[in-house]
Amino acid sequence: MENIKNFAEKDKNINLSLMFSYKLDNVIIRKISFLTSPSYSENEWGGYYYIVEGSRKNFLNFTRKYHLSFDNITKTSLGHYKVTCIMVG
């Protein structure tokens with residue numbers, strides 16, 4: 001890990017983003033951010049997203065290996081892939 005970008009705690013909801021460079025299956029995971037919503041209690045809603053950098057071919061192989069749904073994947077402004085995972089309690 002290179003550094004922790006930010007950390008904030010407010011009303012029992014925690015927002016945490018970690019920036020790093022982790023190579024996995026020919027792609028690089030650059031960031032993971034944990035999400036919560038102040039409109040729900042801390043046990044009802046949450047999730048995370050991570051940013052993946054790599055060629056389209058390598059990313060498609062990554063999605064197949066880890067059974068990722070394209071409903072949860074968007075492109076970032078830099079051309080990377082944002083994979084969002086929401087957990088409802």
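Using a 4.5 Å heavy-atom threshold, the side chains of F70 and T63 count as touching. Contact annotation: the side chain of Y66 approaches that of D25 to within less than 4.5 Å [non-hydrogen atoms, C-beta and beyond]. Residues I51 and I29 form no side-chain contact, since every pair of their non-hydrogen atoms from C-beta on lies 4.5 Å or further apart.
R56 is linked by a side chain to side chain donor-acceptor pair (under 3.5 Å) to nothing, counting only residues two or more places apart in sequence or in another chain.
When hydrophobic clusters are built by joining Ile, Leu, Val, Met, Phe, Trp and Tyr residues whose side-chain heavy atoms come closer than 4.5 Å, directly or via intermediates, I28 is not grouped with Y48. Under the 4.5 Å side-chain heavy-atom criterion for ILVMFWY residues, a single connected hydrophobic cluster contains both L24 and V52.
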Evaluation steps, side chain to side chain contact (heavy atoms under 4.5 Å, CB included), between I73 and L68:
CA-CA 8 Å; I73 298 170; L68 300 177; 4.2 Å; yes
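Here OG of S55 is found 8.5 Å from CG of L60. Values are rounded to the nearest 0.5 Å. Note that NZ of K82 and OG1 of T76 are 9.5 Å apart. Values are rounded to the nearest 0.5 Å. Taking NE2 from H80 and CZ from R30, the interatomic distance works out to 7.0 Å, rounded to the nearest 0.5 Å. Note: K65 NZ to N26 CG = 9.5 Å, rounded to the nearest 0.5 Å.
For the pair K31 and Y50, the cation-pi test (distance below 6.0 Å, angle within 45°) is failed.
No option in Y49, F62, F59 other than F59 meets the ring-ring contact (aromatic ring centres under 6.0 Å, His included) test with Y81.
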